[in-house]
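Only one structure is covered here, and it is reproduced in the block below.
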Amino acid sequence: MADAQYLRLTWTDPVTHRHGHLVIDRLVRGLAGGGTRVRAGCSLEEVSRLAAAMSLKNGALGIPAGGAKCGVDCDPRDPEALPLLTRFVRAMHPFWNSYVATGEDMGVQQSTLNAIFADLGLGSSMRAALRSRDDFDAALEQMRGALSAVHEGTPLVDLVGGYGVAVAATAALERLGLDVPGARVVLQGFGSMGGSAARYLARRGAVVIGVADVRGLVVNRDGLDVERLLAARDEFGVIDRSALAGDDRELPRDEWVALECDVLVPAAVADAINPANCERVRARVVVEAANLPTATAADARLLGRGVTVVPDFVANAATNGWAWWLALGQVGPEPADAFARIDQVIADVVGEVLDHAAAAGVGPREAARRIAGDRLDRLAAEHGVEGPLPLALPAR
Ligand SMILES: NC(=O)c1ccc[n+]([C@@H]2O[C@H](COP(=O)([O-])OP(=O)(O)OC[C@H]3O[C@@H](n4cnc5c(N)ncnc54)[C@H](O)[C@@H]3O)[C@@H](O)[C@H]2O)c1
């Protein structure tokens, strides 16, 4: 799919000479969308793969839009990261005003994007997605409100994705005849995705026994106090170790993959489960909260060992789905509206994928790819690819 992508662009920052990338994998209705990440080493190749995954994510949920992705090559903790991201977003202005919608991703908070897009006069990072709305101004206002809403002290946009991961894990466990209450969970990553997945799995009665952040792994076989750890995070999802409970233990960061558990949730970096470590996985189910966390060869080996892997473009699709449902006017702005819709849609898709995998004798990833690809092709045939012209929205 990556060979035939609609647009691949690399921008060079005139100040630092660092790079930013924008890839549109494909358009449907003249629209594409996907997150913007800031990560040291982020390459055009990485952004291309992620953009292709975004198309599948939209296809899986039946959203009439193609996939896109942006990435800026910089450590998010670098003091230069914010000015660099701001210059990148500014340079990509015509895309936001025409056919690319974006949102937070690794190393970028939605609140940061909200401020940058407001300063640019574009109103919202999802502006392009509202093109088809007759009530454009009202829809933009509602989108701005939803993308800056706070629920239980945390931005709602940081909760919906992890909530979807918890729903996906629940659906997969139930398929295997396993109960969520008492299921042991280990996560790599404790930021937006990992943190909220942990919260909602714990609320469903699962026992979170291990959490890795960039500094290391925290383990408690009797269960970590998830809320306490969440409260001790900094803005980059790193846990203040002084907040650990007396019987919490610290282990080397990469040991998360080998902890015996029921559900393993990679929620940080790409290729986290790879040929070098996949034989160490001792989980029944892997639920991919991160994008591309399982290398292809490792995925095949896990499948061969009977480990159920719920693929990223299904398991972590809720943030993207929620943003598009809002844009399309398909969900109300309240948190309860979001959670109810995610409950229904993600559980249904996971069930459909696992059914298809069992019936066709393929792995869940291949089953999901077939379902998502077919659905997106049908949507493109129905709505067209390029969408109506002119592309540009009226200036505000
Ligand atoms: N934020 C979203 O809405 C969203 C939606 C779908 C998918 N994703 C994907 O989920 C993943 C995480 O995104 P996020 O927004 O939660 O990021 P984030 O920046 O909020 O958090 C990242 C977390 O991973 C940890 N981490 C980084 N490198 C690590 C390593 N090598 N080992 C262990 N921990 C490490 C960080 O310490 C932090 O806890 C990314 O792959 C992203 O593309 C995010």
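These numbers were taken from a predicted model, which means no experiment stands behind them. For ligands, and for the atoms within them, numbers begin at 1 and follow the listed sequence.
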Which protein non-hydrogen atom lies closest to [atom], naming both residue and atom, and how far is it?
{"atom": "atom 39 (O) of ligand 1", "result": "Gly237 O, 2.7 Å"}
{"atom": "atom 19 (O) of ligand 1", "result": "Gly107 N, 3.3 Å"}
{"atom": "atom 36 (C) of ligand 1", "result": "Phe236 O, 3.7 Å"}
{"atom": "atom 40 (C) of ligand 1", "result": "Ala268 O, 3.3 Å"}
{"atom": "atom 28 (N) of ligand 1", "result": "Val269 CG1, 3.6 Å"}
{"atom": "atom 20 (O) of ligand 1", "result": "Ser192 N, 3.0 Å"}

Q) Side chains of Asp13 and Thr16: is there a donor and an acceptor less than 3.5 Å apart? A) yes
Q.
Regarding Thr102 and Ser125, do their side chains bring together a donor and an acceptor under 3.5 Å, going by distance alone?
A. no
Can you check whether [X] has an N/O within less than 3.5 Å of an N/O in ligand 1?
{"X": "Val238", "value": "no"}
{"X": "Val157", "value": "no"}
{"X": "Thr319", "value": "yes"}
{"X": "Asn316", "value": "no"}
{"X": "Asn291", "value": "yes"}

Should the pair [X]-[Y] be classified as a salt bridge under the 4.0 Å nitrogen-to-oxygen rule?
{"X": "Asp105", "Y": "Lys69", "value": "yes"}
{"X": "Arg204", "Y": "Asp179", "value": "no"}
{"X": "Arg282", "Y": "Asp262", "value": "no"}
{"X": "Glu255", "Y": "Arg280", "value": "yes"}
{"X": "Arg175", "Y": "Asp355", "value": "yes"}
{"X": "Glu366", "Y": "Arg369", "value": "yes"}
{"X": "Arg203", "Y": "Glu152", "value": "yes"}

Q: Give a yes/no on ligand 1: does Arg37 have at least one heavy atom closer than 4.0 angstrom to it?
A: yes
Measure from [atom] to every heavy atom in [options] and give the option owning the shortest one.
{"atom": "atom 2 (C) of ligand 1", "options": "Met193, Gln109, Arg39", "value": "Met193"}
{"atom": "atom 12 (C) of ligand 1", "options": "Ala197, Ser196, Ala267, Ala290", "value": "Ala267"}
{"atom": "atom 21 (O) of ligand 1", "options": "Gly191, Gly34, Gly71", "value": "Gly191"}

Q. Near Glu104, which atoms of ligand 1 are under 4.0 Å from a heavy atom of that residue?
A. 1 (N), 3 (O)
Q. Heavy atom under 4.0 Å from ligand 1: found in Ala272's side chain, backbone, both, or neither?
A. neither
Q) Relative to each other, are the rings of Tyr163 and Phe339 parallel, tilted or perpendicular (30° and 60° limits)? A) tilted
Q: May I ask you to check if Arg127 and Phe117 form a cation-pi contact, with NZ or CZ under 6.0 angstrom from the six-membered ring centre and within 45° of the axis?
A: no
